Structure formats: C-alpha cells, structure tokens
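The structure under discussion appears below in the form of structure tokens.
Chain A is the first sequence line, chain B the second, and so forth, proteins listed ahead of strands; every chain is numbered from 1. For clarity, every value in this text was computed on a predicted model and none was experimentally measured. Heavy atoms only: backbone and side chains are in, while hydrogens, waters and symmetry mates are out.
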Amino acid sequence: MRASRMNLATLREDPAEAEIASHRLLTRAGYIHKSGAGLYLYQPLLKRVIDKISRIVAEEISRAGGLEITMPILQEQELWEKSGRWAQYQASRTMLTVKDRNGQQFGLAPTAEEVVTDYAANVVKSYKQLPACFFQQHTKFRDEIRPRFGLMRVKEFIMMDAYSFHASPESLDETYEAMRKAYLRAFARLGLTAFAVEADTGAIGGTGSHEFMVAAEVGEDAIIYNPASGYAANVERAAGIVPKASAWASAPAAAQLTLTPKVGTIADVMGFLNANGFPDVKAEHSLKCVLFVVTVKTDKGDKGIPTAAFVRGDRDVNEVKLGNAVARGARGALLEIRPMHPDEVRAATGAEPGFAGPGEGLTVEFCYIDAALKDAGPLVAGANKTDHHLVGFVIERDAKAKFRWEDIVRTQAGDLDTRGGVLAEKRGIEVGHIFKLGTKYSAAMKAEYLGPDQKLHPFIMGCYGIGTSRVAAAAVEQHWDADGLRWPISIAPYHCVIVPAGKPGDTAVESAAQEIYAKLQKAGIEVVIDDRDAKPGVKFKDWDLVGIPLRVVCGRGIAEGKVEFKVRGGESKDVPLADAAATVIEAFIKATETLDNAADAVV
RNA sequence: CGGACCGUAGCUCAGCUUGGCUAGAGCGCUUGCCUUGGGCGCAAGAGGUCGCAGGUUCAAAUCCUGUCGGUCCGACCA
C-alpha cells in the first residue's frame, strides 16, 4: 500500500472530548470518525483492525465447534414477547425500536437469543443434531444512557455472539468450557491480557456466567479478586466475609430512643452521638437503611415492590444482589431497581428520610438485612421517627419488621475470601461474557427437539459474546505510549512501513525502498511504503502515532548499503539492505509465534 | 431523569463581561519556493449565514426567550 493513497488523517492535537487513551489516540491517528453521539465511522485503518479481530475470533469459535451465520438486525416484537423479554428491555430502555409502514414494531438487535432460538427450533429437530452452536459477528444496538469513552461505550457496535444448544447439562458444561478456552485463546492471539471473572447474569438470565476482563484503570467494572486463591468476580456478584466490627463500650443494654435532630447521614449521626454520650460509637456500629422500589415481572403482571435493605453503616448496598434477592422472593424477573423518592420514604417509615430502621413503624413489602450483621451486637438504627435513632439496637432482639438475612453488601477490598486470604479490588473492561442459559428461552419459546425417549424437550442453551469493536479499544488501552498506538502484530492494520528518507530524487534510496517493498509484499507481509512528499520527521511521527509494529527506514546509510530496522517502541538497528526483508519477515514470524504460543498455553 | 457547562473555519481555541468598523489565531488544507532524519523554514491563498428560531436594539457572535445538539457530574447510601 502506498501511503499517498491511504487518506491518512492524523491530527496533531487531542480532540477536546476524548478522555481516555483509546478514544484520544484512535481519533488522532485517524482510526475513528465521530458520526454522532455514540456513533462512530470506522475509517480504513480501523476497518482492517476490526476485520483482523473478527477473523481471529471466528477462527477460535469455529475451532470450538461454532458455525458462523448472520442474523437480521431488525427483530420482530412478537419474538421478544414470546421470550417475555420485550417488557424487560422496554423497562430498562436498552432496546432501540422502529416501526415499519404498517406500524409493526421492531427492536434493533441488542442481542439475538430470541432469533437464534426460533431458528434452532426450526432446523434442529432431533437429539442427534445436538450439540449445535451458531455464531455471528454483526452490528448490535443499545440505547445507552450515556455513550462515552470513544469506542468503549457506544450506541452501535460490533459483537460476536454465539449460542449453543444441548440435550443435557453435561453437554452444556462441555461447550461452556470449550468456549472459555476459545475466548482465552482468542484474547491471547489478539495480544490482550484478559481473565475470566464470575459475573451476574443480568438481563440475559441463566444459571451461571463468567465475564472476560481486560485489566485497565479506565475500566467501567470493578473486580474483586484474590490471586492466592484464584477467586475473581465482578463486584456485582462478588461475595466475601466482612471483618467483624469492634465492640463499643458505651452501648446501652436496651435499645434507647435517642433524639438526633437534623442529622440524616451516617457520618452526621455518628458525629452527633459522639458528642452526646456515646464517644466510641462509629459508623460500623450503625445500621444503614436504603429504601428501594424494585420492579419485578411476575405471572400477575409487573409489580413495584417497596423494599428495605440494611447493611452496616460503613458499607454499601450491592443493588444487583438486592434486586436478584427481591426477584427470587417475588418469584419473578427483575425489571428495575430504583431508590425511593422522598415521599415514598415518608410513606414507608412515617418519618423524614434519614431515620429508617427495622424497628416499629417500617412498612415495606420486603425487608432484607445483610447476613454479615448476624450477631452484630448493639447497633444504631433509625427509629422511623423524624429526628430519632435507636441506640443499642440488637437486630435479633429488637427488629419488628419481618425480615430475611441475605447477602446484599457490596464486597470490597479488605474483606476476607471464603477460601482464605484477603480480597483486593481492581478495574477492568468487559470484553466478553459467557452464560449458561439453561431452558429459559427454549421453554418460553417452545423450542424443542425430539429425544431418544420419543418425547419433546426444550433445548438446554448457552450463549457467548465478545465485543469485537470494544476489543479494539481495549487493545489500545493495553498498548500505547507517548508517541501513539502500539498494536500487537496480529491486529495491526499493517505489519510494516517502509520510510524512504533520502533527498528528493535520490534514486538509491528510492530503489532500495522499492526493492524491500516488493520482497515483503511477495512474502505476504502487509506493508506500507511512505511515498508521500513529506519530511522524514512528519513520516516518523505519523507512523508512530498510527502504531505500525515494524519499520524500515531507507536513508543516510544507503551509501554503505545499510537500512534501519525498528520495532515500534524498541531501538533502531542498521541492517544490510540485502537482509532487510528477511529481518522484517523474521520479526513478524517471531511476534506472531509469541502470541500463538500464548494461545497454546491456555488451559 | 436531575444538575453544571459548551455550541465561532476540518481540528484546538480567542472574541461575548461592557452590543458598534470587513469576525480572529495556531494547526490542517491549496499553490509556489526551500530541500529532506522527528510534526522544518519562507511567501501567497481557499475556507465561517458565529447550532437553529424568535425577541430587544439604529446596530447582535455578544443581551433575552425558546429550541436542537454536545460534554461533564449525579444517578441513590437516608
């Protein structure tokens, strides 16, 4: 490829709106063009990167038994009604919808369980055809609350989604495991350091799932992990042991109604009590109450359930755990969870917000107290009376509301791992997710096969996704420096660039560059020759920014028959002109092998 | 959905407070010169109905109202 024909569009300055490296550099280097909020045009360079990612992903999923298909982006509402998810996706407003001229409603594919389940029901008739696995790499839409971070969180993106169908849970387990390996192999080949964590199943549903995370400061997910035990989970799901609170000497023997005027927050209450007779009481001795309305879809329709959640005062409620608990309790599917409005709080507690507790006067449908508070001893709890708290409140003795113990606390760094050791926390970018769906969709949609017992059975299903376009952004987050991008060889838009850096009309430089160019092309190396009429400095800056892994410069050494070879980010070295192509090819093979070996090391 | 801020050239931004000549700079782009090792230098040039619609005024990029779009924060811990 000749650089003069590439429409390179590098920018010298950072775009104003870019906050993270991938957004900034992909814009500056001319990979993405913003077409609208959360909408990006993939420029020629990125198109090549995306194609390479897609290809590697397809190879690995195929290797694990997947068959590639393409499904429509427009999905009929009727199909989503069958699975029961239309309401859920409308409630969370995740799905974009359109109407055709007849007024029929369609969703723009946020995922494709319904479509593929319908497909499988039509083509997979017998247990003899199982297991089966179909996948596609196609555009997905999500009506994001707030698109941001460039390619990271967008309205429209490319995703690989795979769906497997089984006659037994064991078969699902096998494919799930094969997919886990395929993912790790794919990420290794893509040059990404990714790891699997336990995850909540969210809107997809199912019995179990893992997310694949790329560790990055800018990641939107928090991961709780313990390298010693191998435990790793998304904070939405993570469980641990909360270390016991210290004892406090000033705790009264019986719950004591105490005036705490105009102090709503935990910190204020503690400050007030410290100054008024309870010098050693701390936040960890208080009972934090958070009141929610949890909307659950049940057989009898959608229900908004007033719910109280209690955790230790110095801790946070894990809303995902809580929402799941309420959904279980109400035997329905979680649609939405939101904090109560102030007037709802007054209705539920008979007090101004800030004084809710599990004692007399709390009227909610569900009440959960974090299991870590069992045997917690005396606490400070809201009295359900404006400007009053109960000091010395013992849950087991004094709680009047009908409550259930439940793990609803947000696990955090410093909590203990149930397998031993201490948990830590870091941030990650979710690039993949795998689910065991079970029969959730097949049962709802009557997708059945005929078994050897002459009976119809719903498919046991799994589903698997990789955010192809997000992978490109995540790769940048892991591979960049002050000069620009540093693509892994496997997904770089081009492998090598040749920069002629002689005086104009220097035929020796020109012919040397052409010679190497021809040789590399012949060897299958994706090579660019920078034939632009620009100063060498401009060219060097551009290619560093674009992030081409290998570079050959033909310039001042040409008189002695030497050219310069450099790996992006490394040192430049002189090589004889005659060896230049071989040097590039060798470096390419070595870099590729390194990634392939990492993939083969996956267990 | 709430709050804050921002819409001026392809990009990054001045100008707006206190209304007043022909609306500016740097980068990028075009042309010519220079001649080539890290965004080099010199010269000339193209490019903007100042987001849109109303209003106030002799006069609006500037003030007011509305509207559309964008960015950031908050999504709630009682």
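The side chain of A:Pro339 lies closest to B:rC76, out of B:rG39, B:rG70, B:rC76. Comparing atom distances between the A:Pro536 side chain and each of B:rG37, B:rU12, B:rC77 picks out B:rG37 as nearest. When distances are taken from the side chain of A:Arg12 to each of B:rU71, B:rG39, B:rG37, the shortest belongs to B:rG39. Listed nucleotides: B:rG39, B:rU12, B:rC77. Nearest to the side chain of A:Asp316: B:rC77. The nucleotide whose nearest atom lies closest to any side-chain atom of A:Lys535 is, among B:rC40, B:rC77, B:rG37, B:rC40. The listed nucleotides are B:rC34, B:rG39, B:rC73; the one nearest the side chain of A:Arg148 is B:rC73. With distances taken from any side-chain atom of A:Val553 to the nucleotides B:rC27, B:rG37, B:rG26, the minimum falls on B:rG37. The nucleotide whose nearest atom lies closest to any side-chain atom of A:Lys288 is, among B:rC77, B:rG38, B:rU71, B:rC77. With distances taken from any side-chain atom of A:Lys541 to the nucleotides B:rU71, B:rC76, B:rG39, the minimum falls on B:rG39.
Using the Watson-Crick or G-U wobble rule with both distances under 3.5 Å, B:rU36 pairs with nothing in any strand shown. Here B:rA25 sits opposite B:rU12 as a Watson-Crick or G-U wobble pair (both hydrogen-bonding atom distances under 3.5 Å). Nucleotide B:rU49 has no partner under the Watson-Crick or G-U criteria, as no pair reaches both atom distances under 3.5 Å. If you check B:rA61 for Watson-Crick or wobble pairing at under 3.5 angstrom, you find it has no partner at all. When both pairing distances are held under 3.5 Å, B:rU18 makes no Watson-Crick or G-U pair with any nucleotide shown. Under the Watson-Crick or G-U wobble criterion, with both distances below 3.5 Å, B:rG2 is paired with B:rC73.
Residues A:Gly555 and A:Val317 each lie close to RNA chain B; by heavy-atom proximity, the contact nearer the 5' end of the strand is made by A:Gly555. Nearest-nucleotide positions on RNA chain B for A:Leu291 and A:Gly38 put A:Gly38 closer to the 5' end.
You won't find any donor-acceptor pair under 3.5 Å spanning the side chain of A:Arg28 and the base of B:rG28, going by distance alone. For A:Glu13 against B:rG26, a side-chain N or O and a base N or O form a donor-acceptor pair under 3.5 Å. The base of B:rG37 sits with one of its N or O atoms less than 3.5 Å from a complementary donor or acceptor on the side chain of A:Glu564.
Judged by distance alone, the side chains of A:Thr386 and A:Glu352 never bring a donor and an acceptor atom under 3.5 Å apart. No side-chain N or O of A:Thr139 forms a donor-acceptor pair with one of A:Glu156 less than 3.5 Å apart.
Taking atom NZ on A:Lys34 and atom C1' on B:rG10, their separation rounds to 15 Å, with Å as the unit. Atom pair A:Ile337:CD1 and B:rA75:C1' shows a separation of 13 Å (rounding to whole Å applied). Separating the CG atom of A:Asp574 from the C1' atom of B:rG37 is a distance of 13 Å, rounded to the nearest angstrom. Between the CG atom of A:Asp533 and the P atom of B:rG28 there is a distance of 15 Å, rounded to whole Å. Distance, A:Phe310 CZ to B:rC77 C1': 12 Å, rounded to whole Å. Counting to the nearest Å, the P atom of B:rG28 and the CG atom of A:Asn7 are 17 Å from each other. Between the CG atom of A:Asp14 and the P atom of B:rG39 there is a distance of 17 Å, given to the nearest Å. Between the P atom of B:rC13 and the CG atom of A:Leu11 lies a distance of 12 Å, rounded to the nearest Å.
Residue A:Arg556 places no side-chain N or O under 4.0 Å from the OP1 or OP2 atom of B:rG37.
Note on A:Ala534: a base of the nucleic acid sits closer than 4.0 angstrom, heavy atoms only. Across all strands, A:Arg24 comes closer than 4.0 Å to no nucleic acid atom at all (heavy-atom distances). As judged by a 4.0 angstrom heavy-atom cut-off over every strand, A:Asp544 is placed among the base-contacting residues. Nucleic acid contact class of A:Glu344 (heavy atoms, under 4.0 Å, all strands): none. Residue A:Thr10 is in base contact, counting any heavy-atom pair closer than 4.0 Å across all strands shown. Residue contacts shown for A:Glu19 are limited to sugar-phosphate atoms, with no base heavy atom under 4.0 Å away.
Nearest heavy-atom pair, A:Ser469 versus A:Tyr42, reported as atom, atom and distance to 0.1 Å: CB-OH, 3.4 Å. Counting all heavy atoms, side chain and backbone alike, A:Ala383 lies closest to A:Leu390 at CB-CG, 3.9 Å.
Taking the P atom of each, B:rU62 and B:rG20 are spaced 10 Å apart, rounded to whole Å. Going from the P atom of B:rG54 to that of B:rA60 covers 13 Å, rounded to whole Å. Spacing of C1' atoms, B:rC63 relative to B:rG15, comes out at 16 Å, to the nearest Å. Comparing the P positions of B:rA23 and B:rC34 gives an interatomic distance of 36 Å, to the nearest angstrom. B:rC76 sits 47 Å from B:rC21 when the P atoms are compared, rounded to a whole Å. Comparing B:rU22 with B:rU49, their C1' atoms are spaced 16 Å from each other, to the whole Å. Straight-line distance between the C1' atoms of B:rA14 and B:rG24: roughly 7 Å, to the nearest whole Å. Taking atom C1' on both B:rU35 and B:rC13, the two are 33 Å apart, rounded to the nearest angstrom.
Of the listed residues (A:Tyr31, A:Tyr494, A:Trp480), just one forms a ring pair (Phe, Tyr, Trp, His ring centres under 6.0 Å) with A:Trp487, and that residue is A:Tyr31.
A cation-pi arrangement is absent between A:Arg2 and A:Tyr517, since the terminal nitrogen or guanidinium carbon is not both under 6.0 Å from the aromatic centre and inside a 45° cone about the axis.
Residue A:Asp579 holds its CG atom at 12.0 Å from CZ of A:Phe565, rounded to the nearest 0.5 Å.
Remark: A:Arg5 CZ is loosely packed, at most 12 non-hydrogen atoms of other residues, nucleotides or ligands lying under 6.0 Å away.
In this structure, A:Phe403 and A:Trp405 have perpendicular ring planes: the angle between them is above 60°, well past the 30° mark.
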